[in-house]
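A quick write-up on the structure given underneath.
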Amino acid sequence: MSTATGFRGYQRIGENITQGKPDMHEAIDCYREVKPGRYGALGKPLEGSNLWPDNPPNFSSLMEEYISLLTDLARNIMRGIALALGGSANEFEGDKAGDPFWVMRLIGYPGASDAKCPEMPENDIGCGAHTDYGLLTLVNQDDDIPALQVRNLSGEWIWAVPIPGTFVCNIGDMLKIWSNGLYEPTLHRVINNSPKYRVSVAFFYEPNFYAAIEPLEICKQKTGGVEKFGRAVYGEHLVRKVTTNFVM
């Protein structure tokens, strides 16, 4: 992965940075493919095609099918969220998320014993505390390795113990703005204390690249009529995050 690949491809352990510290994971990062000029100067850092491993030979077709299925699933979840907020089922379609951007990361976390090897960064945090910066995240994690932690309203870190056959659903920063704070993104982190290597696949369902994010009128009415957050443009937010999250 490099700036030349549009930040797609393989990322070594310690190359991802959270809050200024290297994360103890390796990953394959991919994004919705962006043809040159599609998003103008703003989208130029993300231009490119995904770099899939050659082995196994069906890897790319399998991932593309998975992305298609999760896109449909996330869209249906967003329809439910729209209804829960008091809007129509199509509230997030059209110029909001009718043409959604997406990001997917296939992440590997070394086991606890491997994390102490001399060549590894001096850090036992698989991924530092953060909120997701899009709309909705679906996390598919190993069934038998608890490693994901979330911070509850009391400020305590609790384990998001894997439940076989389910996804962990994370609210992103953009939904916080659209809902005027009715939906709050959960601060989360990863600590793999198991001796086993842990894998998770995080699919980030995002707004349209150029979507203007500001509190929905129906949500302002439910929160005292006051806008709690300023306007953001998703593409600007994404590019700013991507271009500062990695050591090259």
Q) In terms of hydrophobic clusters joined by side-chain contacts under 4.5 Å, are Leu182 and Met174 together? A) yes
Q) Centres of the Tyr210 and Tyr234 rings: under 6.0 Å? A) no
(Q) Using side chain to side chain contact (heavy atoms under 4.5 Å, CB included), reason through Ser200 and Tyr109 one step at a time and then give a plain yes or no. (A) CA-CA 8 Å; Ser200 73; Tyr109 299 91; 3.8 Å; yes
Q) Just wondering, do Ile28 and Gln11 contact through their side chains at under 4.5 Å, heavy atoms? A) no
**Q.** Closest approach of Lys96 to Ala211 (non-hydrogen atoms, all atoms of both residues)
**A.** O-CB, 3.4 Å
**Q.** Heavy-atom side-chain contact between Phe229 and Ile213 under 4.5 Å
**A.** no
Q) So how far is it from Glu33 CD to Leu46 CG, rounded to the nearest 0.5 Å? A) 12.5 Å
(Q) Test of understanding: clusters of I, L, V, M, F, W, Y form through side-chain heavy atoms closer than 4.5 Å, transitively. Do Phe59 and Tyr31 belong to the same one? (A) yes
Q) Hey, are the side chains of Leu216 and Ser179 touching, using non-hydrogen atoms and a 4.5 Å cut-off? A) no
(Q) To the nearest 0.5 Å, what is the distance between OG1 on Thr131 and CG on Asp173? (A) 3.5 Å
Q. Do you know which two heavy atoms are closest between Leu135 and Glu206, and how far apart they sit?
A. N-OE1, 3.3 Å
Q | Evaluation steps, side chain to side chain contact (heavy atoms under 4.5 Å, CB included), between Val201 and Val139 | A | CA-CA 6 Å; Val201 181; Val139 182; over 6 Å; no
Q: Verify, without hydrogens or angle tests, whether His188 (side chain) and Gln149 (backbone) share a donor-acceptor contact under 3.5 angstrom.
A: no
Q) Are any non-hydrogen side-chain atoms of Lys220 and Val226 less than 4.5 angstrom apart? A) no
Q.
Atom CG of residue position Asp72 - does it have more than 12 heavy atoms of other residues, nucleotides or ligands inside 6.0 Å?
A. yes
Q.
Looking at every non-hydrogen atom in both residues, tell me the closest pair between Trp157 and Ala129 and how far apart they are.
A. CH2-CB, 3.8 Å
Q) Pick from Ile77, Leu175, Leu73, Asn170: which one makes a side chain to side chain contact (heavy atoms under 4.5 Å, CB included) with Leu136? A) Ile77
Q: Indicate the atoms forming the closest heavy-atom contact of Pro22 with Ile17, along with that distance.
A: CA-CD1, 3.7 Å
Q) Got a second to check how far Glu91's CD is from Cys219's SG, nearest 0.5 Å? A) 7.5 Å
Q. For the residue pair Asn50 and Cys30, what are the closest heavy atoms and their distance?
A. OD1-CB, 3.0 Å
Q. Below 4.0 angstrom, N of the basic side chain to O of the carboxylate: do Lys35 and Glu47 qualify?
A. no
**Q.** Residue pair Phe92 / Met78, side-chain heavy-atom distance below 4.5 Å
**A.** yes
Q: Evaluate whether atom NZ of Lys222 has more than 12 neighbouring non-hydrogen atoms of other residues, nucleotides or ligands under 6.0 angstrom away.
A: yes
**Q.** Leu238 side, atom CG; Tyr39 side, atom OH - distance, nearest 0.5 Å
**A.** 10.0 Å
Q.
When you group the ILVMFWY residues by side-chain heavy-atom contacts below 4.5 Å and let the links chain together, are Tyr205 and Met63 in the same group?
A. yes
Q) Is a salt bridge present between Arg75 and Glu93, judged by a nitrogen-to-oxygen distance below 4.0 Å? A) yes
Q. Should Tyr133 and Lys241 be marked as a side chain to side chain contact (heavy atoms under 4.5 Å, CB included) after you check the CA-CA gap, both sets of side-chain angles, and the distance that decides it?
A. CA-CA 8 Å; Tyr133 40 83; Lys241 291 285 189 178; 3.8 Å; yes
Q. Just by modelled atom types, is the Gly134 backbone N or O under 3.5 Å from a matching donor or acceptor in the Asp132 side chain?
A. no
Q.
Donor-acceptor check, side chain of Asn208 to backbone of Gly94, threshold 3.5 angstrom: yes or no?
A. yes
(Q) Just so I know, are the side chains of Glu26 and Arg12 near enough to count as touching, which here means a heavy-atom distance under 4.5 Å? (A) no
Q: First locate atom CG of Asn140, then atom CD1 of Ile107, and finally report the distance between them rounded to the nearest 0.5 Å.
A: 11.5 Å
Q) So, Tyr183 versus Trp178, ring centres under 6.0 angstrom or not? A) no
Q.
Could you tell me if the side chain of Arg198 sits less than 4.5 Å from the side chain of Val190, heavy atoms only?
A. yes
Q: State whether Asp142 and Lys196 are salt-bridged, where the test is any N-O pair (Lys NZ or Arg NE/NH1/NH2 against Asp/Glu carboxylate O) under 4.0 Å.
A: no
**Q.** Pairwise side-chain contact, His25 with Cys127, heavy-atom cut-off 4.5 Å (strictly under)
**A.** yes
Q: Considering non-hydrogen atoms only, spot the tightest contact between Asp23 and Gly128 and give its length.
A: OD1-N, 2.9 Å
Q.
Would a single hydrophobic cluster contain both Leu83 and Ile218, if residues Ile, Leu, Val, Met, Phe, Trp and Tyr are joined by side-chain heavy-atom contacts under 4.5 Å?
A. no
**Q.** Shared hydrophobic cluster, Phe101 / Val242 (ILVMFWY, side-chain heavy atoms < 4.5 Å)
**A.** yes
**Q.** Those residues that, when tested against Arg38, pass salt bridge (charged side-chain N to carboxylate O under 4.0 Å, His left out) (two or more places apart)
**A.** Asp99
Q: Please round to the nearest 0.5 Å and tell me the distance separating atom CG of Asn58 and atom CD of Glu65.
A: 10.0 Å
Q. Taking NZ, NE, NH1 and NH2 as the nitrogens, is one of them in Asp29 or Arg105 under 4.0 Å from a carboxylate oxygen of the other?
A. yes
Q) Looking only at atom types and distance, does a side-chain atom of Ser68 sit under 3.5 Å from a main-chain N or O of Glu64, one as donor and one as acceptor? A) no
Q.
Run Ile13 and Met24 through side chain to side chain contact (heavy atoms under 4.5 Å, CB included) and show every step you take.
A. CA-CA 6 Å; Ile13 292 172; Met24 286 296 297; 4.1 Å; yes
Q) Is there a donor-acceptor pair closer than 3.5 Å between any side-chain N or O of Thr71 and the backbone N or O of Ile67? A) yes
Q. So which residues get pulled into Val150's cluster when ILVMFWY side chains under 4.5 Å apart are joined, directly or through others?
A. Ile158
Q) When you measure from the side chain of Asn152 to the backbone N and O of Glu156, does any donor-acceptor pair fall under 3.5 Å? A) yes
